[in-house]
Amino acid sequence: QVQLVESGGGLVQAGGSLRLSCVVRGSIFSINAMGWYRQAPGKQRDLVAVISKGGSTDYADSVKGRFTISRDNAKNTVYLQMNSLKPEDTAVYYCNARVVVRSFQYESNYWGQGTQVTVSS
């Protein structure tokens with residue numbers, strides 16, 4: 001009943017920038033926290049950044065000062081601006097949202113399909 005549609009991934013050189021977007025679609029009553037996670041082959045899925053409904057943010061130490069998470073509540077959209085990209089940032093990036101759907105009225109965790117980010121050197 002809820003879909004998260006991601007866009008903005010691609011191939012960039014080290015030092016370059018990308019901006020990821022994620023739109024939440026469905027029968028939405030409210031969206032609470034939203035975030036971005038990433039997973040490289042053979043590794044676990046780790047938190048990159050999270051943002052509350054009110055705009056408070058937290059970042060993984062590895063991306064502080066380089067990445068910025070933001071959201072537009074009117075558009076049900078979360079963004080991740082990635083600057084000064086490094087080869088170690090290469091991974092599949094997944095959007096996440098805590099959503100209360102109109103038919104259920106309890107918060108559930110939803111994931112996007114993932115978008116590949118590859119940083120070359």
Side-chain angles (χ1 to χ4, degrees):
Q1 297 183 9
V2 174
Q3 288 186 328
L4 278 60
V5 182
E6 304 174 359
S7 62
L11 173 64
V12 298
Q13 293 185 339
S17 298
L18 285 173
R19 191 190 193 209
L20 306 183
S21 299
C22 175
V23 180
V24 182
R25 299 175 178 175
S27 184
I28 300 167
F29 180 79
S30 66
I31 303 175
N32 296 318
M34 306 178 78
W36 291 94
Y37 294 70
R38 66 187 181 187
Q39 186 171 23
K43 297 184 178 180
Q44 66 180 13
R45 186 176 298 184
D46 292 326
L47 175 70
V48 177
V50 64
I51 184 168
S52 72
K53 186 176 182 179
S56 298
T57 59
D58 283 301
Y59 297 90
D61 288 341
S62 59
V63 306
K64 286 181 179 177
R66 300 188 297 120
F67 291 10
T68 302
I69 188 171
S70 60
R71 65 190 288 170
D72 186 336
N73 290 336
K75 298 183 181 295
N76 294 334
T77 301
V78 63
Y79 306 93
L80 185 67
Q81 178 67 47
M82 304 185 293
N83 298 326
S84 301
L85 283 162
K86 304 174 180 180
E88 65 196 63
D89 296 318
T90 296
V92 177
Y93 283 69
Y94 296 91
C95 178
N96 175 266
R98 304 288 296 181
V99 181
V100 178
V101 299
R102 196 170 296 275
S103 62
F104 189 48
Q105 298 183 305
Y106 291 93
E107 184 182 270
S108 297
N109 200 34
Y110 292 90
W111 294 92
Q113 80 286 353
T115 183
Q116 178 70 47
V117 172
T118 302
V119 184
S120 63
S121 60

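Throughout, residue positions are numbered sequentially from 1 according to the sequence presented. Computation of the quantities below employed the complete heavy-atom set of this structure, encompassing side-chain atoms and omitting hydrogens, waters and symmetry-equivalent molecules.
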Legend entry - Candidate list N96, I69, V63, test side chain to side chain contact (heavy atoms under 4.5 Å, CB included), partner V48, passing option: V63
Looking only at heavy atoms, what is the nearest atom pair of [X] and [Y], with distance?
X	Y	value
A91	Q116	O-NE2, 3.4 Å
S121	A14	CA-CB, 4.4 Å
L20	G9	CD2-N, 3.6 Å
V78	C95	CG1-SG, 3.6 Å
S70	I51	CA-CD1, 3.9 Å
V12	S17	CG1-O, 4.0 Å

same_hphob_cluster([X], [Y]) at 4.5 Å side-chain heavy-atom cutoff:
X	Y	result
V100	L4	no
Y59	V50	no
V2	I31	yes
V92	L47	yes
V99	F104	yes

Inset, instruction - Show the numbers, then the answer: is there a side-chain contact (heavy atoms from CB on, under 4.5 Å) between K86 and V119? - result: CA-CA 6 Å; K86 304 174 180 180; V119 184; 5.5 Å; no
Give, for atom [atom1] of [X] and atom [atom2] of [Y], the distance between the pair rounded to the nearest 0.5 Å.
X	Y	atom1	atom2	answer
I28	N76	CD1	CG	4.5 Å
R38	T90	CZ	OG1	9.0 Å
D89	S62	CG	OG	7.0 Å
L85	S120	CG	OG	10.5 Å
T57	F67	OG1	CZ	14.0 Å
L80	T115	CG	OG1	11.0 Å

Determine whether [X] and [Y] make a side-chain contact, defined as any pair of heavy atoms from C-beta on separated by less than 4.5 Å.
X	Y	result
L18	Y93	no
V117	M82	yes
D72	Y79	yes

Do any N or O atoms from the side chain of [X] and from the backbone of [Y] form a donor-acceptor pair under 3.5 angstrom?
X	Y	result
E6	G114	yes
Q1	S27	no
R98	N32	no

Legend entry - Heavy atoms of other groups near Q39 CD, more than 12 under 6.0 Å: yes
Legend entry - ring pair (Phe, Tyr, Trp, His ring centres under 6.0 Å) contacts in which one or both residues fall within residues 7-37, not counting sequence neighbours: Y37-W111
Legend entry - Verdict with supporting geometry, R71 and K53, side-chain contact (heavy atoms from CB on, under 4.5 Å): CA-CA 8 Å; R71 65 190 288 170; K53 186 176 182 179; 4.2 Å; yes
